[in-house]
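First up is the structure itself, then whatever we jot down about it.
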2 protein chains.
Amino acid sequence: MDDLLARAREKLAQLGYKWTDQRRDIIAYLAEDLNQHLSAEELYAILKERGEQIGLATVYRTLELMVEAGIVHKLQFGDGRSRYEVADADHHHHHLICNRCGQVFEVPMDWLEELEQSIEKDYDFEITGHHLKIYGICSACKKAAGGEKGDEKPL
Amino acid sequence: MDDLLARAREKLAQLGYKWTDQRRDIIAYLAEDLNQHLSAEELYAILKERGEQIGLATVYRTLELMVEAGIVHKLQFGDGRSRYEVADADHHHHHLICNRCGQVFEVPMDWLEELEQSIEKDYDFEITGHHLKIYGICSACKKAAGGEKGDEKPL
DNA sequence: ATTCTTGCAAAACCTTTGCATACTG
DNA sequence: CAGTATGCAAAGGTTTTGCAAGAAT
């Protein structure tokens, strides 16, 4: 998806926000790989290393803006910081989180359509999104088993 | 469920931990209403108000202990703090989170059994738990609609 | 021009930790 | 008694905010 930049630019304009170099840089980087779960600090470090002129506060503010604009989703995998991923409307998926190594895998499917319909009806709750996290032990960690507990290095 | 105290006590003993007044008070409070999603600070304030002798650090440490013992689950609803709920093994449920008022509703059902089976097979991932959060607008907020945006007071 | 945005540093939060004291098994 | 657990205050880490300077419409 390469029109993410265009979409974002249009959406921000629509909301009355300005298009700045920093916002472009952030979105451009996210657009390079949609399957990321970056924290604000990680994103900041990457952009800095690329030589972009940007501050950490701006990264936080921009990501929050993007959440508001519906361009990215804010996720919490339980490692104490928020992570962001591009909200790819036509790419519903879920997350498998390994309790051992902390890696996050994507499950590119959406099994929740009927569940949602039934909830909207039963609870009179208008659903705008969902987030399913499944915890467990990934294939690699199971193989490397025997590895006692304690060799967990989250994300 | 009133044997939560007993269960917890036994489990802690099993793990070699001691049974203290503070741990008892915390679990006793959680046992009064299993449908809570308290943050450490909230729990601390409640116990303090009740006149219990306890410190915030102890609340944090005890909750972490309980997570380890599998007695409570640590949840993140995106309001910047961790929340804890009693892990009621035979009461699987999901959470509906209102984007407007921040309230969290419980959906007392587990629709994910087959989904999990298919994941375990397809991904060779050993599932130990899951957490499904569904975001949207609750019934009350829809009724009180017209209420522009901005009247959101999370949790 | 006006309004929005940025960057820095400071502040605000939530959570963890060090250490002396107090308690449990 | 030995080994844990507690409470306080300090430290740590993440996120937010105030404000003057800089950009964008």
Side-chain angles (χ1 to χ4, degrees), chain A residues 5 8-27 37-48 51-69 72 74-84 102 152-155, chain B residues 5 8-27 37-48 50-69 71-72 74-84 102 152-155:
Chain A
L5 256 174
R9 181 166 187 168
E10 184 177 4
K11 186 70 181 162
L12 290 191
Q14 204 176 105
L15 293 172
Y17 295 120
K18 291 176 175 170
W19 186 247
T20 65
D21 290 355
Q22 291 80 353
R23 289 174 183 173
R24 169 177 43 68
D25 291 343
I26 287 176
I27 300 167
H37 313 109
L38 295 166
S39 68
E41 196 111 28
E42 285 168 356
L43 185 46
Y44 168 70
I46 291 170
L47 293 175
K48 248 348 203 184
E52 308 297 8
Q53 136 76 33
I54 198 169
L56 179 56
T58 298
V59 174
Y60 273 105
R61 285 190 279 232
T62 300
L63 287 172
E64 220 44 59
L65 202 67
M66 307 286 280
V67 169
E68 185 195 331
V72 308
K74 188 177 189 173
L75 309 175
Q76 329 240 164
F77 291 130
D79 62 337
R81 74 208 66 183
S82 294
R83 292 177 173 279
Y84 301 83
E152 1 202 326
K153 33 179 166 353
L155 297 172
Chain B
L5 256 174
R9 181 166 187 169
E10 185 179 3
K11 186 70 181 164
L12 290 192
Q14 203 175 107
L15 294 173
Y17 296 120
K18 292 178 175 170
W19 187 247
T20 66
D21 291 355
Q22 291 81 354
R23 289 174 183 173
R24 169 176 45 68
D25 292 341
I26 288 177
I27 299 168
H37 313 108
L38 296 165
S39 68
E41 196 113 28
E42 285 168 356
L43 185 47
Y44 168 70
I46 290 170
L47 293 175
K48 249 344 203 185
R50 287 189 166 196
E52 309 298 9
Q53 137 76 33
I54 198 171
L56 179 57
T58 298
V59 175
Y60 273 105
R61 284 189 279 230
T62 300
L63 287 172
E64 219 45 58
L65 202 65
M66 308 286 281
V67 168
E68 184 194 334
I71 294 163
V72 308
K74 188 177 189 174
L75 309 174
Q76 327 241 167
F77 291 130
D79 63 336
R81 75 206 67 185
S82 293
R83 291 177 174 279
Y84 301 82
E152 1 203 327
K153 32 177 167 342
L155 299 173

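Residue numbers begin at 1 in each chain, while the letters A, B, ... track the order of the sequences.
The side-chain hydrogen bond (donor to acceptor under 3.5 Å, both in side chains) search around B/Arg9 returns none, not counting sequence neighbours. In this structure, the side-chain contact (heavy atoms from CB on, under 4.5 Å) partners of B/Leu75, at least two apart in sequence or on a different chain, are B/His37, B/His73, B/Phe77, B/Glu85, B/His95, B/His131. Considering only residues two or more places apart in sequence or on other chains, B/Lys48 meets the side-chain hydrogen bond (donor to acceptor under 3.5 Å, both in side chains) condition with none of them. Looking at residues two or more places apart in sequence or on another chain, you find a side-chain hydrogen bond (donor to acceptor under 3.5 Å, both in side chains) between B/Tyr17 and B/Glu68. With sequence neighbours excluded, no residue satisfies side-chain hydrogen bond (donor to acceptor under 3.5 Å, both in side chains) with A/Arg81. The side-chain contact (heavy atoms from CB on, under 4.5 Å) search around B/Ile27 returns B/Leu4, B/Leu5, B/Ala8, B/Trp19, B/Met66, not counting sequence neighbours. Applying the side-chain contact (heavy atoms from CB on, under 4.5 Å) criterion to B/Gln22, with sequence neighbours excluded, gives B/Thr20, B/Gln53, B/Ile54, B/Thr58.
Atom CG in A/Leu56 sits about 12 Å away from atom P in C/dA9, given to the nearest Å. Between the CD atom of A/Glu68 and the C1' atom of C/dT5 there is a distance of 15 Å, rounded to whole Å. In this structure, the OH atom of B/Tyr44 is 15 Å from the P atom of C/dT15, given to the nearest Å. Nucleotide C/dT5 holds its C1' atom 16 Å from the CD atom of A/Glu64, rounded to whole Å. Put simply, CG on B/Asp79 is 12 Å from C1' on C/dC13, counting in whole angstrom units. Put simply, CD on B/Glu42 is 14 Å from C1' on C/dC13, counting in whole angstrom units. Atom CZ of B/Phe77 and atom C1' of C/dC14 are 17 Å apart (whole Å).
Side-chain atoms of B/Val72 and B/Tyr84, non-hydrogen and from C-beta on, do get closer than 4.5 Å to each other. The side-chain heavy atoms of B/Leu63 and B/Val67, taken from C-beta on, include no pair separated by under 4.5 Å.
Interatomic distance, B/Tyr60 OH to B/Leu43 CG, rounded to the nearest 0.5 Å: 10.5 Å.
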Requested in this report: Heavy atoms under 4.0 Å is the rule here; annotate nucleotides 18-25 of chain C 5' to 3' with B where the base is hit, S where only the sugar-phosphate is, and - elsewhere.
Outcome: B-----BS

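Heavy-atom contacts of chain A under 4.0 Å fall on DNA chain D between two terminal nucleotides, which in 5' to 3' order are D/dT14 to D/dT25.
Direction of the helix axis in the helix from C/dA1-D/dT25 to C/dG25-D/dC1 shifts by 40° between the two five-pair termini, rounded to 10°.
In this model, the phosphate group of C/dT15 is approached by a side-chain N or O of B/Tyr60 to a distance below 4.0 Å at OP1 or OP2.
Nearest-nucleotide assignment on DNA chain D puts the 5′-proximal partner with B/Ile54, out of B/Ile54 and A/Tyr84. Projected onto DNA chain D by closest heavy-atom contact, B/Arg23 and A/Arg81 fall at different nucleotides, the more 5' of which corresponds to B/Arg23. Two residues, A/Gln22 and A/Gly16, neighbour DNA chain C, and the one matched to the more 5' nucleotide by heavy-atom proximity is A/Gly16.
Across all strands, A/Gly80 comes closer than 4.0 Å only to sugar-phosphate atoms, never to a base (heavy-atom distances). Residue A/Ser39 is out of contact with every strand shown, counting any heavy-atom pair closer than 4.0 Å.
Counting only residues at least two apart or in different chains, salt bridge (charged side-chain N to carboxylate O under 4.0 Å, His left out) contacts with residues 52-66 of chain B comprise B/Glu64-B/Lys74. Residue pairs meeting the salt bridge (charged side-chain N to carboxylate O under 4.0 Å, His left out) criterion with at least one partner in residues 15-25 of chain B, sequence neighbours excluded, are B/Asp21-B/Arg24.
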